[in-house]
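For reference, the structure discussed in these notes is given below.
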Amino acid sequence: MRFFPPRIATDYPWKDLVEAAFCPSTTMAPQLAEQIAREFRERRLGLHARLAGAALRNPLRLPESLLTESRRILRRNSAEWLQRRAAMLATSELLAKVGIPSAPLKMAALVIHGVTCPERRRAVDIDLLVPDAQISAARTALLAAAYVEDATTPSPHQAQPLRSPNGVCVELHRTIPGVWSRDSAHLTFDAAQHEGLLVQTDWDGRTWSVPTRSLLASHLLVHGIAHHGFGPGTYPPFQMLSDLCDLRESDWRLASPEVGQLCGRTLSEQEIQATDEAVSQLISGDMNDVERGDSPAARLIRHCAASALDPDYASALRLRSVFWRLAEDSPWAALARKTQLDSTSRSNGVHYPRRVLEALAPYCRGLMAEVRLRARRPS
């Protein structure tokens with residue numbers, strides 16, 4: 001396990017909120033209403049949409065103001081999904097017209113599989129896996145159809161993101177980084193198709209190629225632990241657990257041989273097993289040891305909470321990322337991509353040395369946070 005979260009000293013009722021959000025058999029007591037309203041306001045755990053759905057299904061009567069806010073959250077998420085769904089439909093149709101296949105990833109794949117309700121999850125973009133050899137042609141076709149380049153820095157696993165005419169960010173993936181094909185390379189569209197990891201599914205009046213349950217779970221695992229585990233603001237850890245809870249079925253476990261084969265080079269067997277056990281605990285409502293327990297599953301759940309609630313821990317995670325080679329490349333390679341300048345060039349009037357110092361600043365803050373964390377540990 002790469003995460004060693006501290007015991008969380010906070011008045012934020014994170015344990016009660018997590019239990020209410022994930023355990024379907026939990027009845028929300030009226031006294032929990034104030035705590036849920038606080039998460040609606042502050043959104044520190046990223047569980048407001050899941051809590052909103054649970055509040056509306058609760059058999060006990062909760063304050064009307066809480067129910068009204070719950071409906072507002074779900075309506076907003078539904079409206080955002082309709083916008084992203086329209087962008088996904090238009091993008092996939094444009095690519096199909098020029099003979100380029102595509103496969104939706106992450107939230108879109110969860111929705112197409114029928115395991116996630118769009119109103120209970122936010123998505124900020126649309127991710128499509130396309131054949132690597134055709135990614136340039138795909139961008140050309142989309143740019144000709146009034147898509148524009150986004151300002152986001154590109155990554156080795158995807159092309160420069162685009163903005164659809166309705167304003168949605170569209171990311172064209174050439175690989176699923178950290179998920180491995182049988183020939184020990186990051187998984188491409190062609191490899192996924194050849195290895196039977198894409199299935200045909202009817203949804204919204206057409207047939208889609210989507211990742212299998214094992215591939216989708218592997219992508220979510222790598223995305224949440226290896227890619228964003230040390231920078232949880234971009235993919236909140238509880239969102240990963242929420243997605244995996246939705247994906248899980250009674251006859252299918254996350255800790256399966258196929259998942260291990262797909263992401264075992266990126267994640268340890270213990271990390272996969274810990275996530276599987278954490279999902280089981282959340283679904284069953286077994287939260288007794290999460291605050292002080294030393295089991296890998298308890299540590300993972302506590303990491304999810306500490307990364308949102310403990311500023312020192314969140315800062316120290318950035319420093320700790322230096323000692324873990326990420327699934328895609330090292331932090332130093334990521335730093336080089338972000339600067340993207342030689343020592344004499346300028347970009348937007350900012351000198352290269354300043355760009356480097358700005359990129360290194362989070363690691364310096366992480367070092368100071370690590371010192372404070374160690375001082376907090378009992379001797």
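Both backbone and side-chain heavy atoms feed into the values below; hydrogens, waters and symmetry mates do not.
Ser92 meets the side-chain hydrogen bond (donor to acceptor under 3.5 Å, both in side chains) test with Arg206; sequence neighbours excluded. Residues satisfying the side-chain hydrogen bond (donor to acceptor under 3.5 Å, both in side chains) test with Arg75, not counting sequence neighbours, are none. By the salt bridge (charged side-chain N to carboxylate O under 4.0 Å, His left out) test, Asp286 is found to be paired with no residue, residues two or more places apart in sequence or in another chain being considered. Every residue two or more places apart in sequence or in another chain was checked for a salt bridge (charged side-chain N to carboxylate O under 4.0 Å, His left out) with Glu277, and none qualifies. Residues passing the ring-ring contact (aromatic ring centres under 6.0 Å, His included) test with Tyr313 are His303, sequence neighbours excluded. Annotation: salt bridge (charged side-chain N to carboxylate O under 4.0 Å, His left out) contacts of Glu149 (sequence neighbours excluded): Arg139. Remark: Arg38 engages Asp11, Glu42 in a salt bridge (charged side-chain N to carboxylate O under 4.0 Å, His left out) (not counting sequence neighbours).
Annotation for Leu17 and Leu47: closest pair O-CD1, 4.5 Å, computed over non-hydrogen atoms.
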Would you give me the side-chain donor-acceptor pairs under 3.5 Å for residues 196-203, sequence neighbours excluded?
unit_1 : atom_1 : unit_2 : atom_2 : d
Gln200 : NE2    : Ser209 : OG     : 2.7
Asp202 : OD1    : Thr207 : OG1    : 2.6

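Ionic pairing of Arg299 and Glu271 is not present here: no N-O contact between side-chain nitrogen and carboxylate oxygen is shorter than 4.0 angstrom.
Here salt bridge (charged side-chain N to carboxylate O under 4.0 Å, His left out) pairs that include residues 152-161, with residues two or more places apart or in two chains, number zero. Evaluation of the salt bridge (charged side-chain N to carboxylate O under 4.0 Å, His left out) test over residues 93-115, restricted to residues two or more places apart or in two chains, returns Lys106-Asp127. Among residues at least two apart or in separate chains, side-chain hydrogen bond (donor to acceptor under 3.5 Å, both in side chains) pairs with a member in residues 108-118 are Thr116-Asp246. Residue pairs meeting the salt bridge (charged side-chain N to carboxylate O under 4.0 Å, His left out) criterion with at least one partner in residues 161-174, sequence neighbours excluded, are Asp132-Arg174, Asp150-Arg163.
Under the 3.5 Å distance criterion, the side-chain polar atoms of Arg302 are matched with a main-chain donor or acceptor of Val290.
For the residue pair Asp183 / Ser181, a side-chain donor-acceptor distance below 3.5 Å is found, with atom types taken as modelled.
Within the 4.5 Å cutoff, the side chain of Leu62 has no heavy atoms near those of the Leu32 side chain.
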